[in-house]
Number of protein chains: 2
Amino acid sequence: MENPNLKKAGLKATLPRIKILQILEENPLRHMSAEDVYKVLLGTGEDVGLATVYRVLTQFETGGLVSRHHFEGGQSVFEINQGEHHDHILCVGCGKVDEFVDEIIEQRQRAIAKKAGYVMTDHSLYIYGMCGECQKKKM
Amino acid sequence: MENPNLKKAGLKATLPRIKILQILEENPLRHMSAEDVYKVLLGTGEDVGLATVYRVLTQFETGGLVSRHHFEGGQSVFEINQGEHHDHILCVGCGKVDEFVDEIIEQRQRAIAKKAGYVMTDHSLYIYGMCGECQKKKM
DNA sequence: GATGCTAATGATAATCTTTTGCATTCGTGT
DNA sequence: ACACGAATGCAAAAGATTATCATTAGCATC
């Protein structure tokens with residue numbers, strides 16, 4: 001019984017997939033790039049190719065196991081889906097990522113999409129700013 | 001009197017910059033990738049390199065003349081800054097981009113940032129969905 | 001208007017992230 | 001244990017963007 005989530009997503013329970021899912025579940029850094037995941041894999045002595053990491057993460061996204069985010073800075077970051085939907089606030093100073101939920105914003109988005117004649121499928125909201133610690137450092 | 005905006009941004013009035021600014025101002029497609037701009041330039045017989053397009057767009061962004069967006073799909077798109085701030089709603093079917101302004105969302109964002117101890121510097125909100133025409137096509 | 005200094009440009013190579021092709025290996029049902 | 005197709009690793013390719021560097025073009029000055 002490796003991980004029931006893999007079967008739920010219709011994916012064969014292969015070693016790379018099991019390991020990657022485990023990393024996403026257990027790593028304290030909740031937002032990881034493919035490269036991040038790959039480095040952890042290497043660190044634990046696993047022989048998994050970077051291409052496989054990309055492939056598996058994309059499959060996980062398709063299967064609804066993870067979300068892909070396009071934070072500023074070029075590369076995609078992945079986050080395991082657990083708990084409810086949330087948006088992100090990022091520190092432009094130190095790169096810290098916080099999460100928040102705001103039902104009013106969610107509502108407004110749905111209303112806006114409807115008014116514009118769209119059926120909303122997804123949305124992404126990132127707030128960028130300077131966190132408390134970084135504000136102090138700059139002074 | 002080529003274009004007062006260039007001087008305002010502290011940029012020398014060179015031919016590539018004048019041309020690129022003109023394209024961004026006049027092209028009906030308000031959201032253009034560097035490649036898009038480059039193609040228009042080639043079409044008008046201008047001899048401007050793609051690297052210059054990237055450089056100039058980045059300078060325009062720094063100077064506040066344009067905004068850079070990271071829509072899904074890998075490449076950055078640029079939009080000239082005119083009129084007030086707005087967010088975007090994109091059709092996942094045809095790629096159409098609509099704009100909207102919602103003061104309630106703006107307020108909530110500021111409140112969320114403050115509560116989290118951040119000084120907000122920027123934010124990006126994209127709603128993805130299926131537009132009216134694309135909904136019909138799929139049926 | 002010619003001159004000279006500096007910043008800007010164009011072409012190309014380099015970088016970085018992500019994807020693809022293909023021979024080999026692994027999971028899974030039998 | 002076996003066989004079949006799916007999944008993997010490697011290396012090469014692709015796509016977007018940036019860096020390098022010799023050459024050229026703005027612009028202030030004469």
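Every chain is numbered from 1, with letters handed out A, B, ... down the list of sequences. Basis for what follows: all heavy atoms, side chains included, without hydrogens, waters or symmetry-related copies.
Here the rule is side-chain contact (heavy atoms from CB on, under 4.5 Å) with A/Val40, and of A/Leu29, A/Leu24, A/Ile23, A/Val53 only A/Ile23 fits it.
A heavy-atom distance below 4.5 Å is found between the side chains of A/Ser124 and B/Tyr128.
Closest to the side chain of B/Pro16, from the set C/dT12, C/dT9, C/dT28, is C/dT9. The nucleotide whose nearest atom lies closest to any side-chain atom of A/Leu15 is, among C/dG27, D/dC10, C/dT17, C/dG27.
A salt bridge is absent between B/Glu79 and B/Arg68: the closest approach of a Lys/Arg side-chain nitrogen to an acidic carboxylate oxygen does not fall below 4.0 angstrom.
Note: B/Thr52 OG1 to B/Leu41 CG = 9.5 Å, rounded to the nearest 0.5 Å. Put simply, CG on B/Leu11 and CZ on B/Phe60 are 6.5 Å apart, with the number rounded to the nearest 0.5 Å.
Regarding A/Tyr54, its OH atom lies at a distance of 16 Å from the C1' atom of D/dA11, rounded to whole Å.
Within residues 31-46 of chain B, no residue has any heavy atom closer than 4.0 Å to DNA chain D.
Place B/Asp47 and B/Lys12 on DNA chain C by their nearest nucleotides, and B/Lys12 ends up nearer the 5' end. Residue B/Gly74 is the one, among B/Gly74 and B/Arg55, whose nearest nucleotide of DNA chain D lies closer to the 5' end (criterion: closest heavy atom).
For A/Arg17 against C/dG27, a side-chain-to-base donor-acceptor contact under 3.5 Å is absent.
Summary of helix geometry: the two end axes of the helix from C/dG1-D/dC30 to C/dT30-D/dA1, each defined by five base pairs via their C1' atoms, are inclined to each other by 30° (rounded to 10°).
Residue A/Thr14 is classed as a sugar-phosphate contact, given heavy-atom separations below 4.0 Å to backbone atoms only.
Applying the 4.0 Å criterion to OP1 and OP2 of D/dT17, one finds that B/Ser76 has a side-chain N or O inside that range.
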